[in-house]
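Input: a single structure, listed below in structure tokens.
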Amino acid sequence: MTRRVLITGVSSGIGLAQARLFLEKGYQVYGVDQGENPLLEGDFYFLQRDLTLDLKPVFDWCPRVDVLCNTAGVLDAYKPLLEQSAQEIQEIFEINYVTPVELTRHYFTQMLENKKGIIINMCSIASSLAGGGGHAYTSSKHALAGFTKQLALDYAETGIQVFGIAPGAVKTAMTAADFEPGGLADWVASETPIKRWIEPEEVAEVSLFLASGKASAMQGQILTIDGGWSLK
């Protein structure tokens with residue numbers, strides 16, 4: 001039976017790379033994004049939807065999944081607390097934390113019935129370090145990492161696996177401003193021990209491994225893929 005993956009943030013960046021790779025490997029992919037349909041070849045279904053709105057249309061459209069990739073996220077322009085409004089903080093938490101929790105809550109119920117399923121949360125190095133974002137981004141990603149670990153522990157005996165991936169600087173539409181003249185791109189590369197940015201495809205490969213069943217002895221791990229940034 002074809003395994004079904006639901007990927008949020010599928011129109012660009014890591015989500016798009018995940019979708020391409022899963023399709024290439026014969027998975028059925030359901031992708032959600034508020035952006036345009038990426039028009040991928042293969043067994044691909046797309047829903048254009050703002051994930052901060054009611055999620056019921058997503059659940060009606062895709063009633064069951066084998067693998068849930070909570071990939072969608074937003075940055076916060078590296079703003080410290082006193083430059084962020086309460087509304088900005090709430091909006092960033094909504095997409096980076098609340099939406100993954102609510103998507104997981106829904107699909108987890110069905111996974112429990114099947115006694116199997118895999119959740120992969122996109123956590124970021126900002127889920128364990130400061131400096132990967134501003135106050136709201138760093139706080140929301142720390143919350144997502146905490147959710148990942150607690151969920152994994154609470155349901156470890158059910159056959160459902162829960163993982164996080166913590167990328168460092170990934171070259172995506174979300175970080176495109178860093179590559180503008182005078183942007184942070186060269187500095188980030190020089191500060192990263194491997195001296196380059198991470199490609200979205202490299203994060204997708206880690207996702208595929210976690211979803212493949214080959215990581216069956218792992219639970220609740222947050223895999224860092226940051227070119228050595230967090231070693232310093």
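Keep in mind it's a predicted model, so treat the numbers as computed, not measured.
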Going only through I, L, V, M, F, W and Y residues with side-chain contacts under 4.5 Å, is there a path from [X] to [Y]?
X	Y	answer
Val206	Met218	yes
Ile95	Phe147	yes
Val58	Val74	yes
Leu208	Val170	yes
Ile119	Phe22	no

Note, [X] side chain near [Y] side chain (heavy atom, < 4.5 Å):
X	Y	result
Val29	Ile7	yes
Ile222	Lys149	yes
Thr71	Gln18	yes
Val10	Phe44	yes
Gln161	Leu210	no
Phe179	Leu184	no
Tyr155	Leu112	yes
Pro63	Arg4	yes

So how far is it from [X] [atom1] to [Y] [atom2], rounded to the nearest 0.5 Å?
X	Y	atom1	atom2	answer
Asn96	Ser127	CG	OG	11.0 Å
Tyr27	Asp66	OH	CG	9.0 Å
Glu202	Ile225	CD	CD1	5.5 Å
Leu144	Leu151	CG	CG	10.5 Å
Arg105	Leu55	CZ	CG	11.0 Å
Asp54	Glu102	CG	CD	10.5 Å

Has [X] got a side-chain atom pairing as donor or acceptor with [Y]'s backbone, closer than 3.5 angstrom?
X	Y	answer
Trp197	Ala185	yes
Asp33	Leu47	no
Lys141	Met122	yes
Ser207	Val203	yes
Asp76	Tyr137	yes
Thr192	Ile194	no
Thr99	Leu51	yes
Lys116	Gly159	no
Gln221	Gly164	no
Arg3	Ala211	yes

Quick check on [X]: does its [atom1] atom have over 12 non-hydrogen neighbours (other residues, nucleotides or ligands) under 6.0 Å away?
X	atom1	value
Arg196	CZ	yes
Asp186	CG	no
Lys214	NZ	no
Gln48	CD	yes
Lys115	NZ	no

Using a strict threshold of under 4.0 Å (side-chain N to carboxylate O), is an ion pair present between Glu205 and Arg20?
no
Applying the side-chain contact (heavy atoms from CB on, under 4.5 Å) test to Cys69, which of Asn121, Thr8, Ile118, Val5 qualifies?
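Among Asn121, Thr8, Ile118, Val5, the one that satisfies the side-chain contact (heavy atoms from CB on, under 4.5 Å) with Cys69 is Val5.
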Identify which one of Thr148, Ile160, Val162, Asn70 satisfies the side-chain contact (heavy atoms from CB on, under 4.5 Å) criterion when paired with Thr104.
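Per the side-chain contact (heavy atoms from CB on, under 4.5 Å) rule, the option paired with Thr104 is Asn70, out of Thr148, Ile160, Val162, Asn70.
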Quick check: closest heavy atoms across [X] and [Y], and the distance to 0.1 Å?
X	Y	result
Met111	Gly117	SD-CA, 3.7 Å
Leu129	Ser230	CD1-CB, 3.7 Å
Ser140	Ile92	OG-CG2, 3.9 Å
Gly220	Ala152	CA-CB, 3.3 Å
Ser11	Leu16	O-CD2, 3.8 Å
Ala143	Phe93	CB-CE2, 4.1 Å

Could you check whether Glu91 and Gln87, counting side-chain N and O atoms only, form a donor-acceptor pair closer than 3.5 Å?
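Per modelled atom types, Gln87 and Glu91 side chains form a pair under 3.5 Å.
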Donor on one side chain, acceptor on other, Asp226 and Thr224, under 3.5 Å:
no
Set of ring-ring contact (aromatic ring centres under 6.0 Å, His included) partners for Tyr107, sequence neighbours left out:
Phe59
Phe46, Tyr30, Tyr45 screened by ring-ring contact (aromatic ring centres under 6.0 Å, His included) with Trp61, the one that passes:
Tyr30
Stepwise, does the side-chain contact (heavy atoms from CB on, under 4.5 Å) test hold for Phe108 with Leu68?
CA-CA 9 Å; Phe108 215 85; Leu68 173 62; over 6 Å; no
Residue list, salt bridge (charged side-chain N to carboxylate O under 4.0 Å, His left out) with Glu88, at least two apart or on another chain:
Lys79
